[in-house]
Amino acid sequence: MGESARVGDPMLAVKAMVENTLRPVLGAAEIRFEVPPDPEMGDLAVPLHAAAKAAGASPQELAVKSSLSLEKDATLVESAKPVNGYVNVFLKTKAVADLLWEMTRTKQLTYGFSEKGTERFIVEHTSANPIHPLTVGHARNAIYGDTIARILRATGRQVETHFYIDDTGRQTAVAALGYKMVGDGEPRVKPDVWAGELYALTSALVEIDAAKRALSLKDEAKVEEAKAKIDEWVGVVAELAEKSPQLYELLSEKAKDIDLQREVASIIAGYERGEREVSRVVRQLVKLVLEGHRQTLSRSNINHDVFDYESDLLWEGDVDAVLSDVRSSKYAVGTGLSISFKCDNAAEDLGLKKLLNISPNYTIPDLVLTRSDGTTLYTTRDIAYSLRKLARASRVLNVVGVEQSLKQLQLKVVLYALGHPEALNQSHVAYEFVDVAGFQMSSRRGRLISFDSMLDQARDKAIPEVKKRNPSLSDEQVSRVAEAIGVAAIRFALAGIGANKRINFTWDRVLDFERNSGPYVLYTYARIRSILGKAQGHLVQDDKPDFELLTEKLEHRLIVLCSRLPETMRFAAETLRTEVVTEYVLRVCDIFNSYYAAVPVLKAETAELSSARLALVTIVEVCLGSVLGVLGITPLERM
RNA sequence: GGGCCCGUAGCCUAGCAUGGAUAGGGCGGCGGCCUUCGGAGCCGUAGGUCGAGGGUUCAAAUCCCUCCGGGCCCGCCA
């Protein structure tokens with residue numbers, strides 16, 4: 001039990017003891033533990049079907065033998081019953097509680113965490129384009145990525161979180177053009193919101209400008225097409241102008257004398273080359289937007305360790321280096337300046353399909369790395385970026401939308417084929433799309449539902465609730481508490497759904513503060529704090545609570561459940577599934593709330609019983625506090 | 001056409017990795033609980049062909065096959 005005690009895992013210690021007892025009965029057979037379907041059946045189950053087969057005995061026979069053997073262990077085992085080829089074990093409440101008490105006392109808010117190891121992870125997430133506010137989709141990415149990073153840290157990994165700033169694409173250039181036209185103005189509203197409007201307006205003006213030039217063409221069809229396009233974008237401009245009239249005035253005035261298409265192209269090219277004036281303007285805008293992103297993220301307890309500029313990869317030669325490697329690769333094919341990579345051939349030759357679990361019938365499409373004018377594409381730059389990440393971590397996780405799966409695969413194939421087997425240490429951690437019912441999001445049309453608006457709505461919903469319950473709080477305290485509740489609601493709602501499931505975003509779902517929600521967990525925690533606060537006055541500090549006194553079923557279940565936190569955390573880390581954590585914490589809260597309603601703690605029959613129950617409440621407090629930390633939710637004393 | 005993901009009560013969701021014991025929760029519905037520590041709570045109740053069909057197995061929500069429905073990807077966009 002030395003090892004399991006060291007890592008602070010009571011259930012691991014318990015299992016080790018059970019295994020010791022069973023070993024003589026079961027011989028060399030593998031001993032696996034399951035959780036019985038109903039807590040009434042036991043705390044642990046050991047299936048014996050396989051072992052029975054190997055030993056030529058019946059499962060039930062083995063189960064009976066195992067039970068008898070286990071029941072001799074009077075300190076740990078309350079009872080052991082052979083049922084349907086399983087041994088169902090009830091553990092002694094006291095035995096588990098003693099272990100838990102020791103471990104939670106020493107680990108405090110890091111109970112459930114593994115000791116820090118040497119494995120180095122990079123988790124890249126959020127990585128939004130620096131031209132508009134973060135949306136509900138980014139919210140999912142950021143919350144998923146951040147929670148994964150926290151889970152990995154909790155299980156002993158060193159984790160660095162990275163935000164990749166895609167600042168060299170066409171979109172940024174369009175926004176930068178607008179920025180230049182309005183004269184590097186300082187925004188009056190939140191900078192990313194302002195930039196989003198600027199981008200949408202400029203983009204529409206660029207579209208109209210381009211279409212107007214097509215009007216003089218001879219081709220009838222093209223002219224018609226251009227007319228339609230103008231109509232469409234004029235409509236968009238009208239809509240946007242209504243929202244931000246001053247910006248519209250300023251931009252449309254300037255736009256008259258400028259060939260917008262050309263301007264955009266020149267910004268793209270100039271920025272890629274790192275020309276001083278262009279770079280100054282673009283970087284200034286990007287930094288403004290990024291500041292807005294950071295505000296939003298920081299509101300929701302998300303803080304990246306490192307921000308990587310895509311443009312740096314161009315300026316510092318990383319991309320050129322990749323291209324030169326590509327050119328000398330036998331998988332590179334090209335016409336003129338355009339280069340493509342034969343991903344399928346490479347994968348076949350190098351046995352990558354088997355390695356990456358790709359169907360042998362599937363033909364991986366070629367990847368285009370440069371345009372015919374020699375400029376690079378997004379994935380090309382991403383190859384260079386991956387090398388940077390892989391150089392400083394043993395595992396790289398890219399939290400990227402599932403729609404990028406093919407690109408992420410091609411990226412890996414190219415890296416591997418260029419002689420970087422460490423590419424296999426990089427994984428695409430995909431998440432599904434967030435739909436907003438009846439709403440077509442479009443950053444080019446300035447139509448989006450922002451991460452901030454989610455946080456705002458959640459906070460605003462919480463404010464009257466907090467006031468109602470805490471009339472003595474100042475407005476500032478109220479808004480601080482309400483903000484935390486809102487963040488909890490949103491983080492919990494998004495982390496609680498498996499990443500491979502599409503989310504149909506609706507306000508009522510995100511703003512549900514009841515039973516299965518972040519606020520519900522916070523509420524449970526606040527109740528615990530409230531009890532513990534009251535206990536300080538009239539109960540002596542008891543260093544050695546007598547857990548023998550805890551005879552309630554709910555007490556037993558709470559203790560066993562809390563002892564499962566470390567293994568739950570490890571499971572979440574292995575599978576990269578945040579919902580494992582939310583599901584777990586909800587079960588803890590459910591049982592605690594039932595307990596709270598059914599059993600008095602402070603007013604227990606005797607002081608000794610009260611002390612033992614307070615110790616239990618403290619254990620649950622530590623357990624919840626620990627999980628809240630992993631979910632990025634700020635615990636509250638009152639709410 | 002090819003590849004990947006999803007399909008569990010009116011709605012949302014867990015369980016699928018390692019097949020096994022009555023498929024867990026929540027919202028909404030209905031009925032209760034304010035003389036015990038915070039009612040954002042507790043207790044009870046109704047509601048399920050686990051998309052359909054076949055197969056493997058003593059045993060399938062879980063593994064295999066086919067089909068149906070939804071989504072994404074297969075751009076010199078990102």
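Chain A is the first sequence line, chain B the second, and so forth, proteins listed ahead of strands; every chain is numbered from 1.
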For nucleotides [N] and [M], find the distance between their [atom1] atoms and express it as a whole number of Å.
{"N": "B/rA14", "M": "B/rG55", "atom1": "C1'", "result": "28 Å"}
{"N": "B/rG53", "M": "B/rC72", "atom1": "C1'", "result": "27 Å"}
{"N": "B/rG24", "M": "B/rG70", "atom1": "P", "result": "31 Å"}
{"N": "B/rC37", "M": "B/rG32", "atom1": "C1'", "result": "23 Å"}
{"N": "B/rU49", "M": "B/rC5", "atom1": "C1'", "result": "25 Å"}
{"N": "B/rU62", "M": "B/rG51", "atom1": "C1'", "result": "16 Å"}
{"N": "B/rA60", "M": "B/rU13", "atom1": "P", "result": "27 Å"}

If you compare every side-chain N and O of [X] against the phosphate oxygens of [N] (OP1, OP2), does one of them come in below 4.0 Å?
{"X": "A/Lys461", "N": "B/rA40", "value": "no"}
{"X": "A/Lys501", "N": "B/rC12", "value": "no"}
{"X": "A/Ser340", "N": "B/rC76", "value": "no"}

Without decimals, in angstroms, what is the distance between [X] [atom1] and [N] [atom2]?
{"X": "A/Glu34", "N": "B/rG20", "atom1": "CD", "atom2": "C1'", "value": "8 Å"}
{"X": "A/Gln410", "N": "B/rA78", "atom1": "CD", "atom2": "P", "value": "13 Å"}
{"X": "A/Ile497", "N": "B/rG7", "atom1": "CD1", "atom2": "P", "value": "12 Å"}

Please determine, by modelled atom types, if [X] and [Y] share a side-chain donor-acceptor pair under 3.5 angstrom.
{"X": "A/Tyr523", "Y": "A/Asn593", "value": "no"}
{"X": "A/Asn504", "Y": "A/Arg509", "value": "no"}
{"X": "A/Tyr199", "Y": "A/Ser443", "value": "no"}
{"X": "A/Arg564", "Y": "A/Thr568", "value": "no"}
{"X": "A/Tyr385", "Y": "A/Asp312", "value": "no"}

With the side chain of [X] defined as its heavy atoms from C-beta on, choose the nearest nucleotide among [options].
{"X": "A/Asn500", "options": "B/rC5, B/rA21, B/rC11", "value": "B/rC5"}
{"X": "A/Asn504", "options": "B/rC12, B/rC76, B/rG25", "value": "B/rC12"}
{"X": "A/Arg371", "options": "B/rC37, B/rA78, B/rA40", "value": "B/rA78"}
{"X": "A/Arg577", "options": "B/rG38, B/rG15, B/rA21", "value": "B/rG15"}
{"X": "A/Glu514", "options": "B/rG38, B/rA21, B/rG41", "value": "B/rG41"}
{"X": "A/Phe513", "options": "B/rC11, B/rA40, B/rC37", "value": "B/rA40"}
{"X": "A/Met41", "options": "B/rA21, B/rC42, B/rG25", "value": "B/rA21"}

Within the 4.0 Å heavy-atom criterion, would you say [X] contacts the bases, only the backbone, or no part of the nucleic acid?
{"X": "A/Arg469", "result": "base"}
{"X": "A/Glu310", "result": "nothing"}
{"X": "A/Phe33", "result": "nothing"}
{"X": "A/Arg381", "result": "sugar-phosphate"}
{"X": "A/Gly498", "result": "sugar-phosphate"}
{"X": "A/Asn361", "result": "nothing"}
{"X": "A/Ala430", "result": "nothing"}
{"X": "A/Val400", "result": "nothing"}
{"X": "A/Arg638", "result": "base"}

Taking all atoms of both residues into account, what is the closest heavy-atom pair of A/Ala128 and A/Leu134, and its distance? CB-CD2, 3.5 Å

Taking all heavy atoms of A/Val368 and all of A/Ser340, pick out the closest pair and write down the distance.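 Looks like CG2-OG, 3.8 Å.
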
Watson-Crick or G-U wobble partner of [N], both distances under 3.5 Å:
{"N": "B/rG19", "value": "none"}
{"N": "B/rC4", "value": "B/rG71"}
{"N": "B/rC63", "value": "B/rG55"}
{"N": "B/rU45", "value": "B/rG29"}
{"N": "B/rA40", "value": "none"}

Below 3.5 Å, does any donor atom in the side chain of A/Asp38 face an acceptor in the base of B/rA21, or the other way round? no

Taking atom types as they are modelled, would you say the side chain of A/Arg515 forms a donor-acceptor pair with the base of B/rA40 within the 3.5 Å cutoff? no

With heavy-atom distances below 4.5 Å as the criterion, would you say the side chains of A/Val264 and A/Ile268 are in contact? yes

Upstream residue (5' side of RNA chain B) when A/Asn470 and A/Thr379 are each assigned their closest nucleotide: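 Upstream on the strand: A/Asn470.
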
Which is more 5' along RNA chain B, the nucleotide nearest A/Phe571 or the one nearest A/Gly496? Just name the residue. A/Gly496

Positive for salt bridge (Lys or Arg N to Asp or Glu O under 4.0 Å) with A/Glu465, one of A/Lys461, A/Lys467, A/Lys468: A/Lys468

Sole candidate of A/Thr147, A/Asn141, A/Ile143, A/Asn398 that passes side chain to side chain contact (heavy atoms under 4.5 Å, CB included) when paired with A/His125: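 Result: among A/Thr147, A/Asn141, A/Ile143, A/Asn398, A/Asn141 is the only option passing the side chain to side chain contact (heavy atoms under 4.5 Å, CB included) with A/His125.
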
Is A/Tyr86 stacked on the base of B/rA21, meaning ring centres closer than 5.5 Å and planes within 30 degrees of each other?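 Whether judged by distance or by angle, A/Tyr86 passes, so it stacks on the base of B/rA21.
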
Using a strict heavy-atom distance below 4.0 Å, which residues from residues 518-531 of chain A are in contact with RNA chain B?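 Residues of residues 518-531 of chain A that come under 4.0 Å of RNA chain B are, in numerical order, A/Tyr520, A/Tyr523, A/Ala526, A/Arg527, A/Ser530, A/Ile531.
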
Polar atoms only, N or O, under 3.5 Å: list the protein pairs with nucleotides 64-74 of chain B and their distances.
from	atom 1	to	atom 2	distance (Å)
B/rG71	O2'	A/Arg502	NH1	2.2

Counterpart residues, side-chain hydrogen bond (donor to acceptor under 3.5 Å, both in side chains), relative to A/Asp166 (two or more places apart): none

Are A/Arg480 and A/Glu483 within salt-bridge range, i.e. N to O under 4.0 Å? no

Checking the side chain of A/Glu432 only, and the main-chain atoms of A/Ala499 only, is there a donor and an acceptor separated by less than 3.5 Å? no

